[in-house]
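Both counts, for ligands and for their atoms, begin at 1 and track the order of listing.
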Amino acid sequence: MKKIGFIGLGNMGKGMSINLSKENLQIFGYDINNNAYKNLKNHNILIANNLKNLIDESEIIITMLPDGLAVGKVWSEIITYSTPGKYIVDCSTIDVKTSRFVQMQAKEKGLMTLDAPVSGGVIGADQGTLTFMVGGKSQIYNEMKFLFEIMGKNSILCGEEGSGQSAKICNNMLLASTMIAVGESFNLGKNLGLDLNKLFEVISTSTGSCWAVNSYCPIKGIGPISPADKNYEGGFATALMYKDLGLAVDAAAETESNINYGIQTYKKYKYLTENKKGNLDFSNIINE
Ligand code: NAD
């Protein structure tokens with residue numbers, strides 16, 4: 001039975017680790033926040049006493065951490081305590097530079113690595129329907145693909161180390177801007193006296209259709225159930241989207257790419273995050 005260590009059992013890591021635990025795998029979990037373990041009761045997940053204990057026990061280690069700082073810290077310990085031949089897969093969303101740097105350090109120690117950030121949110125993590133955007137060597141990708149098939153429904157090898165992160169920030173910059181545009185469109189429809197259910201029917205089957213409308217409509221009572229129906233609680237936090245947009249803005253500066261809409265979008269999410277709304281779902285942007 002393969003032994004998998006899972007580090008970072010928060011909103012995303014919870015569902016992902018639980019889905020792995022339902023297969024013929026031995027899962028070890030670790031998180032610095034003890035509250036994270038409460039969600040794992042009644043699941044076949046062994047809690048590691050500490051990080052070193054998890055590293056010693058695992059053949060493959062998955063990290064699902066908030067940001068590049070946490071990944072840098074945790075990977076440094078993994079690299080220190082691992083023996084050659086171990087696999088490390090980072091599913092967090094972090095900056096491309098840190099991702100490449102930690103993978104290069106791991107490689108020097110004889111470790112096999114991938115970056116594999118995800119799309120699909122907490123629902124996708126719980127239901128095992130995530131999309132993985134993967135960077136790294138194709139042989140390692142092929143060996144780790146079984147994990148992506150358990151935790152998700154799609155995985156795409158985008159290129160060398162760091163390419164998964166590059167694809168992820170491009171996707172999220174587009175999503176964040178799209179959400180603002182969806183809000184403006186439905187607001188105009190409301191002001192024109194349209195029945196918003198009818199507008200949803202039209203847009204979701206017309207050229208304006210997009211994930212933000214069809215699967216995550218940000219207006220209460222319209223379209224599928226989404227965080228809008230729960231007063232924007234849960235879902236994908238505005239602060240995390242702001243973090244991802246910051247990664248895109250930095251990457252654009254480094255590559256001298258023109259992202260005018262992206263910068264406007266970044267400023268809107270910055271404002272919301274700094275005005276104590278960072279914990280609400282990112283679709284709450286339509287109300288600003
Ligand atoms: P989260 O804050 O809920 O979970 C992160 C977990 O990591 C927390 O439980 C925290 O205690 C733990 N942690 C932090 N530092 C640690 C350390 N040094 N050692 C061990 N554990 C540590 O965040 P999340 O929503 O699960 O997101 C995780 C990553 O996935 C982020 O990079 C985020 O951008 C990305 N992501 C999130 C979503 C979403 O909808 N929430 C969607 C796609 C991608």
Side-chain angles (χ1 to χ4, degrees), residues 5-19 28-40 45 47-55 58 61-78 80-81 88-96 98-99 102 115-134 151-152 154 164-165 167-176 179 211-212 215-216 226-227 230 232-248 269 273 278-284:
F6 203 110
I7 305 172
L9 304 163
N11 290 326
M12 297 293 289
K14 171 184 73 80
M16 293 164 77
S17 59
I18 289 173
N19 286 329
F28 297 89
Y30 177 73
D31 196 293
I32 43 167
N33 178 0
N34 282 337
N35 284 334
Y37 301 138
K38 284 186 195 149
N39 301 314
L40 305 178
I45 297 176
I47 302 305
N49 298 329
N50 50 48
L51 195 48
K52 174 148 191 331
N53 172 230
L54 178 142
I55 297 164
S58 312
I61 298 173
I62 300 172
T63 48
M64 192 52 168
L65 297 162
D67 51 30
L69 205 67
V71 170
K73 205 170 149 207
V74 169
W75 272 58
S76 149
E77 281 203 54
I78 298 173
T80 303
Y81 294 120
I88 325 176
V89 180
D90 182 36
C91 294
S92 332
T93 304
I94 67 167
D95 60 288
V96 179
T98 301
S99 180
V102 293
D115 51 296
V118 304
S119 176
V122 176
I123 299 169
D126 288 346
Q127 296 180 350
T129 56
L130 295 169
T131 290
F132 289 83
M133 306 157 210
V134 189
M151 297 185 286
N154 294 305
Q165 298 295 351
K168 170 73 186 176
I169 57 176
C170 294
N171 178 74
N172 274 24
M173 184 176 74
L174 178 58
L175 170 62
M179 194 54 87
W211 186 86
S215 305
Y216 212 85
S226 75
K230 298 171 212 147
Y232 303 95
E233 299 286 344
F236 182 46
T238 297
L240 283 179
M241 183 56 102
Y242 168 53
K243 177 200 80 169
D244 292 357
L245 287 164
L247 300 178
Y269 282 90
T273 304
N279 59 328
L280 295 178
D281 183 71
F282 81 105
S283 63
N284 182 47

Exercise. Any luck finding a side-chain donor-acceptor pair between Lys38 and Asn35 under 3.5 Å?
Worked result: yes
Problem set entry | Qualifying residues under side-chain hydrogen bond (donor to acceptor under 3.5 Å, both in side chains), relative to Tyr30, sequence neighbours excluded | none
Exercise. Who pairs with Tyr216 by side-chain hydrogen bond (donor to acceptor under 3.5 Å, both in side chains), at least two apart in sequence or on another chain?
Worked result: Asp281
Exercise. Going by an N to O cut-off under 4.0 Å, is there a salt bridge joining Asp115 and Lys168?
Worked result: no
Are there any N/O pairs under 3.5 Å between ligand 1 and the protein, and if so, what are their distances?
unit_1   : atom_1 : unit_2 : atom_2 : d
ligand 1 : 3 (O)  : Asn11  : N      : 2.9
ligand 1 : 3 (O)  : Asn11  : ND2    : 3.3
ligand 1 : 9 (O)  : Asp31  : OD1    : 3.3
ligand 1 : 9 (O)  : Asp31  : OD2    : 2.6
ligand 1 : 11 (O) : Asp31  : OD1    : 2.6
ligand 1 : 21 (N) : Ile32  : N      : 3.3
ligand 1 : 26 (O) : Asn11  : N      : 3.3
ligand 1 : 26 (O) : Met12  : N      : 2.9
ligand 1 : 32 (O) : Leu65  : O      : 2.9
ligand 1 : 32 (O) : Pro66  : O      : 3.1
ligand 1 : 32 (O) : Thr93  : N      : 3.0
ligand 1 : 32 (O) : Lys243 : NZ     : 3.1
ligand 1 : 34 (O) : Lys243 : NZ     : 3.0

For this session: Not counting sequence neighbours, list each pair that qualifies as a salt bridge (charged side-chain N to carboxylate O under 4.0 Å, His left out) and has a residue in residues 234-248.
Result: none
Problem set entry | Closest approach of Gly72 to Val102 (non-hydrogen atoms, all atoms of both residues) | CA-CG1, 4.1 Å
